[in-house]
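Notes for the one structure printed next.
Note that this is a predicted model, so its numbers are computed, not measured.
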Amino acid sequence: MDKTKRYSEQLKHLKDESLYRTMHVIESAQGSHITIDGKEYVLFASNSYLDLCNNEYVKEKTETALHTYGTGSGGSRLTTGTTALHSELEGRLASFKKREDAIVFNTGYMANVGVIGSLTAKGDVIFSDELNHASIIDGCRLSKAEVVKYRHNDMEDLEEKLKLHKGKNGLIVSDGVFSMDGDIVNLPKLVRLANEYGMLSMIDEAHATGVLGANGYGTEEYYGMEGVTDIVMGTLSKAVGSEGGFVCADGTIVNYLRNKARSFIFSTALSPVTIASAIAGLECITADRVAALRNNVQYFCDRLHAEGFDVQSDSAIIPVIVGDEQKALAISAKLMEHGYYISAIRYPTVKKNSARLRITLMSSHTKEEMDGLAGLIGRYCK
(Lines give C-alpha, C1' and ligand atoms only; values in the text may rest on other atoms or scores of the structure.)
Protein backbone atom coordinates (compact mmCIF):
# COMPACT_ATOMS: atom_id res chain seq x y z
CA MET A 1 0.00 0.00 0.00
CA ASP A 2 1.35 3.39 -0.99
CA LYS A 3 0.28 5.57 1.93
CA THR A 4 1.48 8.77 0.25
CA LYS A 5 -0.09 8.21 -3.18
CA ARG A 6 -2.93 10.68 -2.70
CA TYR A 7 -0.49 13.38 -1.62
CA SER A 8 1.76 12.88 -4.64
CA GLU A 9 -1.32 13.03 -6.87
CA GLN A 10 -2.37 16.31 -5.28
CA LEU A 11 1.13 17.71 -5.74
CA LYS A 12 1.03 16.74 -9.42
CA HIS A 13 -2.33 18.49 -9.74
CA LEU A 14 -0.83 21.64 -8.20
CA LYS A 15 2.02 21.54 -10.71
CA ASP A 16 -0.39 21.02 -13.61
CA GLU A 17 -2.43 24.05 -12.47
CA SER A 18 0.66 26.27 -11.96
CA LEU A 19 -0.17 26.36 -8.23
CA TYR A 20 2.84 24.41 -6.93
CA ARG A 21 4.98 26.45 -4.55
CA THR A 22 8.73 26.47 -4.10
CA MET A 23 11.11 28.51 -1.97
CA HIS A 24 14.06 30.66 -2.93
CA VAL A 25 16.88 30.40 -0.40
CA ILE A 26 18.15 33.89 0.46
CA GLU A 27 21.81 34.05 1.39
CA SER A 28 21.89 37.59 2.77
CA ALA A 29 20.09 39.84 5.20
CA GLN A 30 16.56 40.92 4.28
CA GLY A 31 16.80 44.33 2.63
CA SER A 32 16.16 46.16 -0.59
CA HIS A 33 18.97 44.06 -2.08
CA ILE A 34 19.30 40.33 -1.44
CA THR A 35 21.48 37.46 -2.68
CA ILE A 36 20.14 34.18 -4.10
CA ASP A 37 22.52 31.56 -5.50
CA GLY A 38 25.30 34.11 -5.43
CA LYS A 39 23.40 36.66 -7.54
CA GLU A 40 22.13 40.00 -6.27
CA TYR A 41 18.48 41.00 -6.75
CA VAL A 42 16.51 44.13 -5.98
CA LEU A 43 13.76 42.94 -3.66
CA PHE A 44 10.26 44.28 -4.30
CA ALA A 45 8.38 41.52 -2.46
CA SER A 46 9.27 42.02 1.21
CA ASN A 47 7.01 43.22 4.01
CA SER A 48 9.99 44.93 5.66
CA TYR A 49 8.60 48.27 4.55
CA LEU A 50 11.05 50.47 6.45
CA ASP A 51 14.04 48.21 5.72
CA LEU A 52 14.83 47.65 9.39
CA CYS A 53 15.74 43.94 9.37
CA ASN A 54 19.42 44.77 8.83
CA ASN A 55 19.47 48.20 10.48
CA GLU A 56 22.71 48.86 12.40
CA TYR A 57 21.02 50.38 15.46
CA VAL A 58 18.60 47.45 15.68
CA LYS A 59 21.46 44.96 15.40
CA GLU A 60 23.48 46.72 18.09
CA LYS A 61 20.56 46.67 20.54
CA THR A 62 19.89 43.03 19.68
CA GLU A 63 23.51 42.06 20.27
CA THR A 64 23.46 43.73 23.69
CA ALA A 65 20.35 41.75 24.63
CA LEU A 66 22.00 38.53 23.44
CA HIS A 67 24.92 39.00 25.83
CA THR A 68 22.60 39.94 28.71
CA TYR A 69 19.75 37.45 28.33
CA GLY A 70 21.12 34.66 26.14
CA THR A 71 19.36 33.02 23.21
CA GLY A 72 16.10 31.58 24.53
CA SER A 73 13.28 32.35 26.94
CA GLY A 74 13.08 28.89 28.51
CA GLY A 75 9.36 28.82 29.12
CA SER A 76 5.93 30.25 28.47
CA ARG A 77 5.12 33.81 29.43
CA LEU A 78 3.10 32.70 32.46
CA THR A 79 5.86 30.49 33.86
CA THR A 80 9.48 31.57 33.31
CA GLY A 81 9.40 33.22 29.90
CA THR A 82 8.72 36.87 30.75
CA THR A 83 11.80 39.09 30.93
CA ALA A 84 12.04 42.81 31.59
CA LEU A 85 12.32 43.25 27.84
CA HIS A 86 8.94 41.58 27.24
CA SER A 87 7.29 43.98 29.68
CA GLU A 88 9.09 46.95 28.15
CA LEU A 89 7.97 46.04 24.64
CA GLU A 90 4.34 45.67 25.70
CA GLY A 91 4.45 49.07 27.37
CA ARG A 92 5.93 50.65 24.26
CA LEU A 93 3.35 49.01 22.00
CA ALA A 94 0.48 50.24 24.18
CA SER A 95 1.87 53.76 24.02
CA PHE A 96 2.49 53.52 20.25
CA LYS A 97 -1.10 52.47 19.63
CA LYS A 98 -2.57 54.84 22.27
CA ARG A 99 -3.98 52.02 24.42
CA GLU A 100 -3.95 51.06 28.10
CA ASP A 101 -2.14 47.77 27.63
CA ALA A 102 -0.67 45.33 25.13
CA ILE A 103 0.13 41.63 24.89
CA VAL A 104 2.75 40.03 22.62
CA PHE A 105 2.17 36.72 20.83
CA ASN A 106 4.73 34.57 19.01
CA THR A 107 3.33 35.43 15.56
CA GLY A 108 0.59 37.53 14.07
CA TYR A 109 -1.15 34.30 13.11
CA MET A 110 -1.16 33.15 16.75
CA ALA A 111 -2.40 36.58 17.84
CA ASN A 112 -5.45 36.43 15.58
CA VAL A 113 -6.23 32.80 16.43
CA GLY A 114 -5.84 33.50 20.15
CA VAL A 115 -7.84 36.71 20.26
CA ILE A 116 -10.78 35.63 18.13
CA GLY A 117 -11.00 32.22 19.74
CA SER A 118 -10.94 33.51 23.31
CA LEU A 119 -13.12 36.62 22.98
CA THR A 120 -16.02 34.87 21.24
CA ALA A 121 -18.14 31.93 22.38
CA LYS A 122 -21.06 29.79 21.30
CA GLY A 123 -24.04 32.05 20.66
CA ASP A 124 -21.87 35.00 19.57
CA VAL A 125 -21.51 36.22 15.99
CA ILE A 126 -18.32 37.19 14.16
CA PHE A 127 -18.61 39.49 11.14
CA SER A 128 -15.56 39.04 8.91
CA ASP A 129 -14.59 40.80 5.67
CA GLU A 130 -14.47 38.29 2.82
CA LEU A 131 -10.85 39.27 2.00
CA ASN A 132 -9.50 39.02 5.54
CA HIS A 133 -6.15 37.32 6.08
CA ALA A 134 -6.04 33.53 6.52
CA SER A 135 -5.13 33.92 10.21
CA ILE A 136 -8.40 35.76 10.83
CA ILE A 137 -10.32 33.16 8.85
CA ASP A 138 -8.75 30.35 10.85
CA GLY A 139 -9.41 32.17 14.12
CA CYS A 140 -13.07 32.39 13.12
CA ARG A 141 -13.15 28.69 12.22
CA LEU A 142 -11.65 27.68 15.55
CA SER A 143 -14.09 29.76 17.55
CA LYS A 144 -17.48 28.39 18.52
CA ALA A 145 -19.25 31.51 17.31
CA GLU A 146 -21.37 31.86 14.20
CA VAL A 147 -19.32 33.40 11.37
CA VAL A 148 -20.89 35.82 8.89
CA LYS A 149 -18.84 37.02 5.92
CA TYR A 150 -19.65 40.40 4.44
CA ARG A 151 -18.67 41.76 1.04
CA HIS A 152 -15.24 43.31 0.89
CA ASN A 153 -15.19 46.69 2.64
CA ASP A 154 -18.92 47.02 1.98
CA MET A 155 -20.36 48.71 5.04
CA GLU A 156 -23.90 48.62 3.67
CA ASP A 157 -23.71 44.85 3.34
CA LEU A 158 -22.22 44.64 6.83
CA GLU A 159 -25.07 46.66 8.29
CA GLU A 160 -27.70 44.54 6.55
CA LYS A 161 -26.16 41.44 8.10
CA LEU A 162 -25.85 43.10 11.50
CA LYS A 163 -29.58 43.81 11.41
CA LEU A 164 -30.26 40.10 11.04
CA HIS A 165 -28.38 39.43 14.30
CA LYS A 166 -29.53 42.40 16.36
CA GLY A 167 -29.19 41.89 20.09
CA LYS A 168 -26.40 39.33 19.88
CA ASN A 169 -22.86 39.77 21.22
CA GLY A 170 -19.87 39.39 18.98
CA LEU A 171 -17.09 40.90 16.96
CA ILE A 172 -16.53 42.79 13.70
CA VAL A 173 -13.03 42.03 12.41
CA SER A 174 -11.18 43.36 9.39
CA ASP A 175 -7.71 43.84 8.03
CA GLY A 176 -6.58 47.44 8.35
CA VAL A 177 -4.62 47.19 5.10
CA PHE A 178 -5.62 44.22 2.96
CA SER A 179 -2.47 42.27 2.27
CA MET A 180 -3.06 41.30 -1.36
CA ASP A 181 -4.75 44.46 -2.68
CA GLY A 182 -3.25 47.16 -0.47
CA ASP A 183 -6.57 48.95 0.10
CA ILE A 184 -7.65 50.25 3.51
CA VAL A 185 -10.63 49.36 5.68
CA ASN A 186 -13.44 51.90 5.97
CA LEU A 187 -12.69 52.27 9.66
CA PRO A 188 -15.01 55.20 10.49
CA LYS A 189 -18.08 53.29 9.34
CA LEU A 190 -16.91 49.97 10.77
CA VAL A 191 -16.44 51.47 14.24
CA ARG A 192 -19.76 53.33 14.03
CA LEU A 193 -21.59 50.12 13.18
CA ALA A 194 -19.82 48.17 15.90
CA ASN A 195 -20.83 50.72 18.52
CA GLU A 196 -24.36 51.01 17.20
CA TYR A 197 -24.96 47.25 17.26
CA GLY A 198 -23.00 46.50 20.45
CA MET A 199 -20.19 44.56 18.78
CA LEU A 200 -16.49 44.62 19.58
CA SER A 201 -14.45 46.18 16.77
CA MET A 202 -11.09 44.69 15.76
CA ILE A 203 -8.58 45.56 13.03
CA ASP A 204 -5.47 43.71 11.93
CA GLU A 205 -2.67 46.28 11.54
CA ALA A 206 -0.02 43.94 10.13
CA HIS A 207 0.45 46.01 6.96
CA ALA A 208 -0.55 49.35 8.48
CA THR A 209 1.83 49.68 11.42
CA GLY A 210 4.82 51.76 10.37
CA VAL A 211 3.12 52.55 7.06
CA LEU A 212 -0.10 54.53 7.51
CA GLY A 213 -0.36 57.92 9.18
CA ALA A 214 2.26 60.64 9.40
CA ASN A 215 4.05 58.82 12.24
CA GLY A 216 3.30 55.27 11.13
CA TYR A 217 0.85 54.65 13.98
CA GLY A 218 -1.52 52.90 11.58
CA THR A 219 -5.07 52.99 10.27
CA GLU A 220 -6.49 55.07 13.11
CA GLU A 221 -3.91 57.81 12.58
CA TYR A 222 -4.58 57.67 8.83
CA TYR A 223 -8.23 58.54 9.54
CA GLY A 224 -7.47 60.91 12.42
CA MET A 225 -9.40 58.78 14.91
CA GLU A 226 -6.84 57.23 17.24
CA GLY A 227 -8.06 55.14 20.15
CA VAL A 228 -11.55 54.34 18.84
CA THR A 229 -11.18 50.66 17.88
CA ASP A 230 -11.73 48.16 20.68
CA ILE A 231 -8.95 45.78 19.65
CA VAL A 232 -5.89 46.64 17.56
CA MET A 233 -3.83 43.66 16.48
CA GLY A 234 -0.54 43.91 14.62
CA THR A 235 2.76 42.25 13.80
CA LEU A 236 6.39 42.93 14.63
CA SER A 237 7.61 41.08 11.54
CA LYS A 238 6.91 43.66 8.86
CA ALA A 239 7.71 47.36 9.18
CA VAL A 240 9.13 46.82 12.69
CA GLY A 241 11.70 44.40 11.26
CA SER A 242 11.55 41.71 13.96
CA GLU A 243 9.17 38.81 14.74
CA GLY A 244 5.94 38.30 16.65
CA GLY A 245 2.40 39.58 16.92
CA PHE A 246 0.68 41.87 19.38
CA VAL A 247 -2.71 43.05 20.55
CA CYS A 248 -3.43 46.46 22.08
CA ALA A 249 -6.65 47.20 23.95
CA ASP A 250 -7.95 48.34 27.31
CA GLY A 251 -6.64 46.65 30.43
CA THR A 252 -9.64 44.37 30.89
CA ILE A 253 -9.39 42.80 27.43
CA VAL A 254 -5.60 42.39 27.61
CA ASN A 255 -5.76 40.76 31.05
CA TYR A 256 -8.52 38.48 29.80
CA LEU A 257 -6.30 37.41 26.89
CA ARG A 258 -3.40 36.69 29.24
CA ASN A 259 -5.67 34.29 31.09
CA LYS A 260 -7.68 32.82 28.22
CA ALA A 261 -5.81 32.98 24.89
CA ARG A 262 -4.48 29.45 24.38
CA SER A 263 -1.94 30.46 21.73
CA PHE A 264 -0.40 32.79 24.33
CA ILE A 265 -0.66 30.56 27.40
CA PHE A 266 0.72 27.40 25.81
CA SER A 267 3.54 28.84 23.70
CA THR A 268 7.15 29.26 24.77
CA ALA A 269 7.85 32.98 24.94
CA LEU A 270 9.70 34.72 22.14
CA SER A 271 13.44 34.98 22.71
CA PRO A 272 14.58 38.14 24.55
CA VAL A 273 16.85 38.73 21.53
CA THR A 274 13.81 38.91 19.26
CA ILE A 275 12.03 41.17 21.75
CA ALA A 276 15.05 43.53 21.87
CA SER A 277 15.06 43.82 18.09
CA ALA A 278 11.35 44.70 18.18
CA ILE A 279 11.93 47.45 20.77
CA ALA A 280 14.72 48.92 18.67
CA GLY A 281 12.65 48.61 15.50
CA LEU A 282 9.77 50.53 17.09
CA GLU A 283 12.22 53.29 18.01
CA CYS A 284 13.23 53.53 14.36
CA ILE A 285 9.70 54.17 13.11
CA THR A 286 10.04 57.90 12.56
CA ALA A 287 8.05 60.42 10.57
CA ASP A 288 11.00 60.78 8.18
CA ARG A 289 11.14 57.07 7.39
CA VAL A 290 7.38 56.88 6.95
CA ALA A 291 7.47 59.91 4.65
CA ALA A 292 10.25 58.33 2.57
CA LEU A 293 8.12 55.22 2.12
CA ARG A 294 5.06 57.29 1.24
CA ASN A 295 7.07 59.26 -1.35
CA ASN A 296 8.36 56.04 -2.91
CA VAL A 297 4.86 54.61 -3.18
CA GLN A 298 3.58 57.73 -4.92
CA TYR A 299 6.60 57.88 -7.23
CA PHE A 300 6.22 54.25 -8.27
CA CYS A 301 2.48 54.61 -8.85
CA ASP A 302 3.22 57.62 -11.08
CA ARG A 303 5.78 55.58 -13.02
CA LEU A 304 3.27 52.77 -13.54
CA HIS A 305 0.71 55.35 -14.70
CA ALA A 306 3.23 56.43 -17.32
CA GLU A 307 3.43 52.79 -18.44
CA GLY A 308 -0.35 52.65 -18.86
CA PHE A 309 -1.40 51.02 -15.58
CA ASP A 310 -4.28 52.44 -13.57
CA VAL A 311 -2.91 51.93 -10.05
CA GLN A 312 -2.97 53.90 -6.82
CA SER A 313 -2.10 52.90 -3.28
CA ASP A 314 -2.21 54.56 0.12
CA SER A 315 -0.31 51.62 1.61
CA ALA A 316 3.01 50.08 0.57
CA ILE A 317 1.33 47.28 -1.45
CA ILE A 318 0.78 47.69 -5.18
CA PRO A 319 -0.78 44.71 -6.98
CA VAL A 320 -0.43 44.30 -10.72
CA ILE A 321 -3.18 41.89 -11.72
CA VAL A 322 -2.14 39.32 -14.34
CA GLY A 323 -5.02 36.83 -14.09
CA ASP A 324 -3.61 33.57 -15.40
CA GLU A 325 -1.45 31.68 -12.88
CA GLN A 326 1.03 30.35 -15.41
CA LYS A 327 1.49 33.78 -16.96
CA ALA A 328 2.11 35.34 -13.54
CA LEU A 329 4.83 32.77 -12.85
CA ALA A 330 6.40 33.41 -16.24
CA ILE A 331 6.49 37.19 -15.69
CA SER A 332 7.98 36.75 -12.22
CA ALA A 333 10.71 34.56 -13.74
CA LYS A 334 11.40 37.18 -16.45
CA LEU A 335 11.77 39.88 -13.82
CA MET A 336 14.25 37.71 -11.93
CA GLU A 337 16.30 37.37 -15.09
CA HIS A 338 16.61 41.16 -15.01
CA GLY A 339 17.58 41.19 -11.32
CA TYR A 340 14.21 42.00 -9.73
CA TYR A 341 12.58 39.66 -7.22
CA ILE A 342 8.76 39.98 -7.16
CA SER A 343 6.54 37.09 -6.08
CA ALA A 344 3.72 35.72 -8.23
CA ILE A 345 0.72 35.43 -5.92
CA ARG A 346 -1.76 32.71 -6.88
CA TYR A 347 -4.71 30.71 -5.59
CA PRO A 348 -5.53 30.02 -2.77
CA THR A 349 -3.91 33.23 -1.51
CA VAL A 350 -6.10 35.08 -4.02
CA LYS A 351 -9.09 33.92 -6.05
CA LYS A 352 -8.51 31.70 -9.07
CA ASN A 353 -7.65 33.58 -12.25
CA SER A 354 -6.72 36.70 -10.28
CA ALA A 355 -3.00 35.90 -10.00
CA ARG A 356 -0.85 38.95 -9.58
CA LEU A 357 2.53 40.45 -8.98
CA ARG A 358 2.40 41.75 -5.43
CA ILE A 359 4.84 44.64 -5.43
CA THR A 360 5.86 46.05 -2.05
CA LEU A 361 7.86 49.21 -1.62
CA MET A 362 10.55 49.95 0.96
CA SER A 363 11.56 53.37 2.20
CA SER A 364 15.09 52.61 0.91
CA HIS A 365 14.25 51.85 -2.73
CA THR A 366 15.84 54.32 -5.13
CA LYS A 367 14.18 56.06 -8.04
CA GLU A 368 16.51 54.26 -10.44
CA GLU A 369 15.38 50.89 -9.06
CA MET A 370 11.72 51.86 -9.31
CA ASP A 371 12.21 53.22 -12.85
CA GLY A 372 13.79 49.95 -13.94
CA LEU A 373 11.03 47.81 -12.49
CA ALA A 374 8.24 50.00 -13.88
CA GLY A 375 9.73 49.72 -17.37
CA LEU A 376 9.93 45.94 -17.17
CA ILE A 377 6.35 45.66 -15.92
CA GLY A 378 5.29 47.81 -18.85
CA ARG A 379 7.10 45.44 -21.19
CA TYR A 380 5.90 42.12 -19.79
CA CYS A 381 2.51 42.75 -18.19
CA LYS A 382 0.57 44.35 -21.02
Side-chain angles (χ1 to χ4, degrees), residues 96-100 102 108 111-120 124-141 143 145-213 216-235 245-250 252-254 257 312-315 317:
F96 188 82
K97 290 293 186 178
K98 307 294 189 294
R99 293 305 192 282
E100 286 182 3
N112 275 332
V113 168
V115 171
I116 296 170
S118 59
L119 290 180
T120 58
D124 292 344
V125 185
I126 303 170
F127 297 87
S128 177
D129 189 292
E130 66 177 343
L131 294 188
N132 275 341
H133 189 265
S135 58
I136 294 176
I137 295 169
D138 288 354
C140 292
R141 288 172 175 170
S143 75
E146 179 184 355
V147 180
V148 176
K149 285 197 298 186
Y150 61 90
R151 289 194 297 268
H152 175 52
N153 226 358
D154 187 335
M155 295 299 115
E156 291 183 2
D157 185 52
L158 172 58
E159 183 162 21
E160 288 303 311
K161 288 170 178 173
L162 281 164
K163 289 176 181 177
L164 297 175
H165 297 81
K166 190 175 289 187
K168 290 191 175 182
N169 294 318
L171 172 73
I172 303 174
V173 58
S174 174
D175 283 0
V177 170
F178 291 88
S179 59
M180 291 300 114
D181 292 291
D183 54 333
I184 302 169
V185 64
N186 187 339
L187 188 63
K189 289 188 178 179
L190 186 150
V191 169
R192 180 184 65 79
L193 289 172
N195 291 338
E196 183 176 337
Y197 287 87
M199 298 282 169
L200 288 170
S201 55
M202 175 179 171
I203 53 172
D204 178 335
E205 293 284 86
H207 298 277
T209 299
V211 176
L212 296 188
Y217 296 154
T219 306
E220 290 184 330
E221 186 185 23
Y222 173 84
Y223 282 110
M225 49 188 296
E226 291 173 82
V228 301
T229 315
D230 294 314
I231 302 156
V232 173
M233 172 271 170
T235 60
F246 65 86
V247 173
C248 298
D250 67 22
T252 298
I253 287 177
V254 171
L257 294 174
Q312 184 58 43
S313 178
D314 287 323
S315 68
I317 301 165

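Between Val173 and Asp204, the closest side-chain pair of non-hydrogen atoms is not below 4.5 Å. The closest side-chain heavy-atom distance from Glu220 to Val228 is below 4.5 Å. A 4.5 Å side-chain heavy-atom check between Leu257 and Ser118 finds at least one atom pair inside the cut-off. Under the 4.5 Å side-chain criterion, counting only non-hydrogen atoms from C-beta, Leu187 is in contact with Ile203. Looking only at side-chain heavy atoms (C-beta outward), Val148 and Glu146 come within less than 4.5 Å of each other. Residues Ile317 and His207 form a side-chain contact, since some pair of their non-hydrogen atoms from C-beta on lies under 4.5 Å apart. A heavy-atom distance below 4.5 Å is not found between the side chains of Asn169 and Val125. Counting heavy atoms from C-beta outward, Thr235 and Phe246 have side chains that stay 4.5 Å or more apart.
A ring-centre distance under 6.0 Å is found for His165 and Phe127.
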Go through it in stages, so that I can follow the logic: the residues are Thr209 and Phe96, the test is side-chain contact (heavy atoms from CB on, under 4.5 Å), and I'd like the CA-CA distance, side-chain angles, deciding distance and then a yes or no.
CA-CA 10 Å; Thr209 299; Phe96 188 82; 3.8 Å; yes
Audit row: Phe178, His133, ring-ring contact (aromatic ring centres under 6.0 Å, His included) steps and yes/no
CA-CA 8 Å; Phe178 291 88; His133 189 265; over 10 Å; no
Let's go through Met155 and Leu193 carefully: what are the C-alpha distance in whole Å and the side-chain angles of both, what is the deciding distance for side-chain contact (heavy atoms from CB on, under 4.5 Å) to 0.1 Å, and is it a yes or a no?
CA-CA 8 Å; Met155 295 299 115; Leu193 289 172; 4.3 Å; yes
Would you please test Leu162 and Met199 for side-chain contact (heavy atoms from CB on, under 4.5 Å) and show each step?
CA-CA 9 Å; Leu162 281 164; Met199 298 282 169; 4.0 Å; yes
So Ile116 and Ile126, side-chain contact (heavy atoms from CB on, under 4.5 Å) or not? Walk me through it.
CA-CA 9 Å; Ile116 296 170; Ile126 303 170; 3.6 Å; yes
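Residues Asp124 and Gly170 come closest through the heavy atom pair CB-CA, 4.3 Å. Residues Tyr150 and Ile172 approach most closely at OH-CG2, 4.3 Å, considering heavy atoms. Listed here is the closest heavy atom pair of Thr120 and Ser143: OG1-CB, 3.4 Å. The minimum heavy-atom distance between Ala208 and Val177, with the atom names listed, is CB-CG2, 3.9 Å. Closest approach of Glu221 and Leu212 over heavy atoms only: OE1-O, 3.8 Å. When all heavy atoms are compared, the tightest approach of Pro188 to Met225 is CG-SD, 3.6 Å.
Between the side chain of Ser315 and the backbone N or O of Gly182, at least one donor-acceptor pair lies under 3.5 Å. Side-chain atoms of Asp129 come within 3.5 Å of backbone N or O of Asn153 as a donor-acceptor pair. Looking only at distances, no side-chain donor or acceptor of Arg192 sits under 3.5 Å from a matching main-chain atom of Leu190.
For Glu196, the CD atom counts as densely surrounded, since its 6.0 Å shell holds more than 12 non-hydrogen atoms of other residues, nucleotides or ligands.
Qualifying salt bridge (charged side-chain N to carboxylate O under 4.0 Å, His left out) partners for Arg151, counting only residues two or more places apart in sequence or in other chains: Asp154, Asp157. Residues forming a side-chain hydrogen bond (donor to acceptor under 3.5 Å, both in side chains) with Tyr217 (at least two apart in sequence, or on another chain): none.
Note that CG of Leu171 is 8.0 Å distant from OG of Ser201, once rounded to the nearest 0.5 Å. In this structure, Ile231 CD1 and Lys97 NZ are separated by 14.0 Å, a value rounded to the nearest 0.5 Å. Rounded to the nearest 0.5 Å, atoms CD1 (Ile184) and CG (Asp314) are 4.5 Å apart. Atom CD1 in Ile253 sits 11.5 Å away from atom SG in Cys248 (nearest 0.5 Å). For the atom pair Leu131 CG and Lys149 NZ, the distance stands at 9.0 Å (nearest 0.5 Å). Note that CG of Asn132 is 9.0 Å distant from CE of Met202, once rounded to the nearest 0.5 Å.
Ionic pairing of Glu226 and Lys98 is present here: one or more N-O contacts between side-chain nitrogen and carboxylate oxygen are shorter than 4.0 angstrom. For Glu159 and Lys189, the salt-bridge test fails: no basic side-chain N is under 4.0 Å from an acidic carboxylate O.
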